[in-house]
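In what follows, chains are A, B, ... by sequence order, proteins preceding strands, each numbered from 1.
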There are 2 protein chains.
Amino acid sequence: MRMHNPPHPGEIIKSLCLEPAGLTVTEAAEGLGVSRKTLSAILNGRSGISPEMAIRLSIAFNTSAESWLSQQVQYDLWHAEQGRKALKVIKLAA
Amino acid sequence: MRMHNPPHPGEIIKSLCLEPAGLTVTEAAEGLGVSRKTLSAILNGRSGISPEMAIRLSIAFNTSAESWLSQQVQYDLWHAEQGRKALKVIKLAA
DNA sequence: GTAATCTGTAACGCCTCGGGTTACGATCGC
DNA sequence: GCGATCGTAACCCGAGGCGTTACAGATTAC
């Protein structure tokens with residue numbers, strides 16, 4: 001279990017994709033083929049990156065869809081781990 | 001993009017966790033703290049592995065929650081890639 | 001043959017969440 | 001002042017995870 005709260009993938013998108021290219025949220029949303037609201041929600045950590053969105057990012061910015069989803073998994077998993085103690089699970093194998 | 005359809009993580013759970021331990025679906029579901037229906041749906045590829053379920057698996061079988069979610073990502077991504085051509089996305093950066 | 005167990009799954013309800021549209025207030029540059 | 005940008009609230013929709021109940025089929029035990 002990691003110690004630090006991993007950043008939303010949205011922050012990485014903003015700093016590694018939008019800013020270097022000088023793109024506004026509106027422009028990027030149009031290019032990705034989604035609404036401005038959808039992209040805004042991701043950039044501000046209010047939505048996760050769906051498999052489809054990962055593919056859109058991979059096309060638009062020539063990146064790896066897998067890497068975006070991996071970051072999303074790290075983020076989701078860290079938050080799910082916070083509720084680990086509340087789960088009633090019995091050890092079934094060593 | 002991978003060539004072959006990756007197996008549902010459920011198949012791996014069955015062959016690597018349940019069968020070696022001689023567990024029935026009913027027993028495993030009780031140990032994991034979920035309904036038999038929920039586990040059955042996963043084993044038969046009708047449901048994905050949620051972050052919470054990944055943690056349950058990691059506790060019960062002393063495995064890595066991350067590995068289960070990674071497999072799920074591979075599976076989801078492969079299926080999402082099948083609809084890649086339908087996405088209207090503009091290249092925004094090289 | 002009969003009863004118990006295990007399993008998949010349909011039918012329902014509940015809640016979360018991604019995504020779209022519309023619309024508003026705030027901010028910044030000209 | 002005016003236009004562009006942005007975050008976000010208020011809606012609607014559909015998908016998906018999970019629970020309970022209930023049924024049918026298969027397997028096993030007696």
Side-chain angles (χ1 to χ4, degrees), chain A residues 8-11 13-15 17-19 21-60 65 68-69 71-73 75-80 82-84 86-89 92, chain B residues 8-11 13-15 17-19 21-60 65 68-69 71-73 75-80 82-84 86-89 92:
Chain A
H8 337 133
E11 294 182 10
I13 294 176
K14 182 181 287 187
S15 60
C17 298
L18 300 208
E19 294 178 352
L23 288 167
T24 66
V25 176
T26 303
E27 292 169 336
E30 289 174 354
L32 289 168
V34 299
S35 73
R36 181 171 65 85
K37 179 217 169 194
T38 295
L39 180 58
S40 175
I42 292 173
L43 295 181
N44 293 286
R46 295 175 48 254
S47 283
I49 296 184
S50 65
E52 184 183 298
M53 181 59 69
I55 294 177
R56 289 181 190 276
L57 289 169
S58 73
I59 298 174
W68 292 117
L69 288 182
Q71 290 181 51
Q72 185 62 50
V73 158
Y75 184 76
D76 291 342
L77 189 53
W78 189 89
H79 283 85
Q82 305 309 303
R84 185 193 192 93
L87 302 180
K88 296 158 193 162
V89 183
L92 298 174
Chain B
H8 338 133
E11 294 181 10
I13 295 177
K14 182 181 287 186
S15 59
C17 298
L18 300 209
E19 294 178 351
L23 289 165
T24 66
V25 176
T26 303
E27 291 169 336
E30 289 174 353
L32 289 168
V34 299
S35 73
R36 181 172 64 84
K37 181 217 168 194
T38 296
L39 180 57
S40 175
I42 293 173
L43 295 181
N44 292 286
R46 295 176 49 251
S47 283
I49 296 185
S50 65
E52 185 183 298
M53 181 60 67
I55 293 177
R56 290 181 190 276
L57 289 169
S58 73
I59 298 174
W68 293 117
L69 287 183
Q71 290 181 51
Q72 184 63 48
V73 159
Y75 183 76
D76 291 342
L77 190 51
W78 190 88
H79 287 276
Q82 305 309 304
R84 186 192 191 94
L87 303 180
K88 295 158 192 161
V89 183
L92 297 173

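- The closest side-chain heavy-atom distance from S58(A) to M53(A) is not below 4.5 Å.
- Taking each heavy atom of G22(A) and E27(A) in turn, the nearest pair found is O-OE1, 4.0 Å.
- Closest approach of V89(B) to A60(A), counting heavy atoms only: CG1-CB, 3.7 Å.
- If you walk DNA chain D from 5' to 3' and mark each nucleotide with an atom closer than 4.0 Å to a heavy atom of chain B, the marks span dG17(D) to dA22(D).
- By the 4.5 Å heavy-atom criterion applied to side chains, L43(B) and L18(B) are counted as neighbours.
- S15(B) contributes a side-chain N or O that, together with a main-chain N or O of E11(B), makes up a donor-acceptor pair within less than 3.5 Å.
- Using a 4.0 Å heavy-atom criterion, one finds that S35(A) contacts the bases of the nucleic acid, with or without backbone contacts as well.
- In terms of modelled atom types and a separation under 3.5 Å, the side chain of Q72(B) and the main chain of G48(B) share no donor-acceptor contact.
- Counting heavy atoms from C-beta on, the side chains of L77(B) and I55(A) come closer than 4.5 Å.
- Residue contacts for S47(A): at a heavy-atom cut-off of 4.0 Å it reaches the sugar-phosphate backbone alone, with no base atom in range.
- Summarising the geometry of R56(B) relative to K88(A), their closest heavy-atom pair is NH1-O, 4.1 Å, with the distance given to 0.1 Å.
- In this structure, I49(B) and L57(B) have side chains that are in contact, with non-hydrogen atoms separated by less than 4.5 Å.
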Nucleotide N/O of nucleotides 5-9 of chain C paired with protein N/O under 3.5 Å:
from: dT7(C); atom 1: OP1; to: V25(B); atom 2: N; distance (Å): 2.9
from: dT7(C); atom 1: OP2; to: V25(B); atom 2: N; distance (Å): 3.0
from: dT7(C); atom 1: OP2; to: T26(B); atom 2: N; distance (Å): 2.8
from: dT7(C); atom 1: OP2; to: T26(B); atom 2: OG1; distance (Å): 2.9
from: dG8(C); atom 1: OP2; to: S40(B); atom 2: OG; distance (Å): 3.1
from: dG8(C); atom 1: N7; to: R36(B); atom 2: NH1; distance (Å): 2.8
from: dG8(C); atom 1: O6; to: R36(B); atom 2: NH2; distance (Å): 2.9

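- Computed from C1' positions of five pairs at each end, the angle between the two local axes of the helix from dG1(C)-dC30(D) to dC30(C)-dG1(D) equals 30°, rounded to 10 degrees.
- Among all heavy-atom pairs drawn from W68(B) and C17(B), the shortest one is CZ2-SG, 3.8 Å.
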